[in-house]
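Here's the structure we're looking at; comments come further down.
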Amino acid sequence: MSLADELLADLEDIGDVQHVEDENENEVEEVTMEVDKPQKDAIRSIAKLRDSKQLVDIMNRIQHFQHRGPRKEIFGPVEQDPEYKLIVEANNISVEIDNEINIVHKFTRDIYSKRFPELDQLVPTSIDYVKTVKALGNDVQRAKANELLVNILTPATIMIVSVTASTTQGVDLNEDELTRVVEAANMSIELDDARTRIFEYVKSRMTVFAPNLSFVVGPTTAAKLMGIAGGLTNLSKMPSCNVLVLGAQKRTLSGFSTTAILPHTGYIFYCDLVQSCPSDLRKKVARLVAGKVSIAARVDAFHEAQDGRIGNDLFAEIEHKIEKLQEPASSKDERAVGHVRVEDIGFSLGNIGKANSGRIRAAQVDSKTKAKISKSLQKTLQKHQTWGGTTSVRKQVAGTASSIAFTPLQGLEIVNPNAAEKRVEEANQKYFSNQTGFVKVASVIPKSM
């Protein structure tokens, strides 16, 4: 084969490769066009928990055990009980239901903000928002006369919504958008109903499996603690310091402020009993509750006090200690110093009322143990002592001194309050100073007649 033939063969191969690449590009473009088509069932592709097999199975099992009724006694370890396993699963899926409701709320808000953008700020709760959206629809102008809103919002909120709806700049939704909004609202309402049923079931059964623990922290928090600890037996073996941090989540906030992060805060810190306390006492109360939870879990693990009397006593102790922590501190004046009280120590008014002192109260000094100093040192200390305030006339002046005088001729008159004192001081320096000599006073003798 000559060199020219080899070049022609290479050119043909390059042409075939370019042809294949062009076909692949055309195929990619066709796929992109198909993805851009709008989906009518977008909410079902985003929120899949309502139709999931897991939620349906748990709800059917809850209905089965509810028909059987609650049991009075539990024998053996509770971890092997099928109903206890259902409680743990139901409690875990309730967290997933909360996240799913938030997803549906965001989906509904993104679409309905075209019609009523101010509603998200007026109704912040997610479940109330979707119920309000379903009740209003496109007819937001008649919000005040809507009878469905009475069961959802308070009268004050209904009034604010109706006034804001009359001035909103939103436009009506088309039929497809309105259908998707109503479908998302129905899904959120169904998830909320399922969550309510789960909470009622867990509350009714936790008083049987862990009555004392439920008395201390509530049935919901008790089920969370038992679930994350791996059962009631494992929870009873844990010390209170480990029980306190059960449910704590590690947060990675690289580059963000860590001021608002609360370390070592788990399910106990966010239970109703701790959150009802003032913010400065919550950590101390959480440690107190964790200790009582350990005691209650050990009582329930041995199936003692099935009526919950020990848990009730522990809860009463917690409330009593919280009241003690919130009491104001006692007065320090009533505190005893050694074996002598304040009333037994010599108490006087000091230098109040004494002339030219300038002090409100002198130091309490025992005359028997008081050190004696010379008169010259006393004069030096009196010269350098500072008392009173500072004015434009003099550095140290008594607090009751005033530069305003009342005269019968001019009424108010500004005078120097230290003028009289200055004249007295000059006279003392003239007649009674140690540095002055004798002063000869000439007397006028009348001439004899």
Side-chain angles (χ1 to χ4, degrees), residues 49-50 52-99 191 193-240 242-248 266-268 270-273 289-315:
L49 182 61
R50 184 191 64 174
S52 65
K53 183 179 179 181
Q54 180 185 8
L55 181 60
V56 173
D57 180 60
I58 289 176
M59 299 308 296
N60 291 335
R61 290 162 62 190
I62 287 176
Q63 186 177 2
H64 170 70
F65 282 109
Q66 282 180 338
H67 287 315
R68 291 176 54 182
R71 291 177 294 175
K72 296 182 179 180
E73 295 181 358
I74 303 296
F75 301 97
V78 296
E79 290 81 7
Q80 304 300 326
D81 194 284
E83 193 170 5
Y84 169 76
K85 295 180 180 179
L86 175 61
I87 290 175
V88 175
E89 294 178 10
N91 196 62
N92 293 334
I93 203 172
S94 64
V95 180
E96 299 181 14
I97 291 177
D98 292 337
N99 298 332
L191 290 173
D193 293 340
R195 181 179 59 180
T196 304
R197 287 182 57 191
I198 289 174
F199 283 162
E200 292 177 354
Y201 172 74
V202 170
K203 184 177 179 180
S204 62
R205 292 303 189 267
M206 283 303 298
T207 55
V208 178
F209 288 96
N212 299 282
L213 185 60
S214 300
F215 262 109
V216 177
V217 291
T220 305
T221 305
K224 290 179 181 179
L225 292 174
M226 291 169 60
I228 197 171
L232 182 60
T233 305
N234 292 337
L235 181 62
S236 63
K237 296 177 182 179
M238 287 185 178
S240 60
N242 293 348
V243 174
L244 178 64
V245 297
L246 287 177
Y267 292 139
I268 291 180
Y270 294 102
C271 69
D272 295 336
L273 178 60
V289 173
K292 303 302 181 184
V293 165
S294 299
I295 298 174
R298 292 162 190 170
V299 173
D300 291 330
F302 287 94
H303 306 295
E304 299 291 338
Q306 291 295 316
D307 55 351
R309 63 179 183 277
I310 296 180
N312 193 12
D313 295 340
L314 294 175
F315 185 79

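Everything numeric here is computed off the predicted structure, so don't read it as measured data.
For V243 against S294, the heavy-atom pair with the smallest separation is CG2-OG, 3.8 Å. Across all their heavy atoms, Q66 and R205 have their closest contact at CA-NH2, 3.8 Å. Across all non-hydrogen atoms, the minimal contact from G266 to Y270 is O-CD1, 3.1 Å. The heavy-atom pair separating A290 from L244 by the smallest distance is CB-CB, 4.0 Å. Residues Q306 and V208 share a closest heavy-atom pair of OE1-O, 3.7 Å. Of all heavy-atom pairs between V202 and P219, the closest is CG1-O, 4.1 Å.
Checked options L232, I268, T220; the residue passing with L225 is I268 (criterion: side-chain contact (heavy atoms from CB on, under 4.5 Å)).
With D272 contributing its side chain and G218 its backbone, the two residues share no donor-acceptor pair below 3.5 Å. Checking side-chain atoms of R197 against main-chain N and O of I62 turns up no donor-acceptor pair under 3.5 Å. In this structure, the side chain of S214 engages the main chain of M206 through a donor-acceptor pair within 3.5 Å. Between the R298 side chain and the S236 main chain, a donor and an acceptor come within less than 3.5 Å of each other. A donor-acceptor pair under 3.5 Å links the side-chain atoms of D300 to the main chain of L213, judged by distance alone.
In this structure the side chain of L49 reaches within 4.5 angstrom of the side chain of I97, judged on heavy atoms. Looking at heavy atoms from C-beta onward, L191 lies out of side-chain contact with R195 at the 4.5 angstrom threshold. Residues N212 and L314 fail the side-chain proximity criterion, which asks for heavy atoms closer than 4.5 Å. You'll find the side chain of L246 reaches within 4.5 Å of the side chain of L235, heavy atoms only.
In this structure, K292 NZ and D313 CG are separated by 10.5 Å, a value rounded to the nearest 0.5 Å. Considering CD1 of I198 and CD1 of I87, their distance stands at 12.0 Å, rounded to 0.5 Å. Note that CE of M226 is 8.5 Å distant from OG1 of T233, once rounded to the nearest 0.5 Å. Separating the CZ atom in F215 from the CD1 atom in I310 is a distance of 12.0 Å, to the nearest 0.5 Å.
One finds a salt bridge joining R61 and E89 here, because a Lys/Arg side-chain nitrogen approaches an Asp/Glu carboxylate oxygen to under 4.0 Å.
Using modelled atom types, one finds no donor on one side chain facing an acceptor on the other under 3.5 Å when comparing Y201 with Q63.
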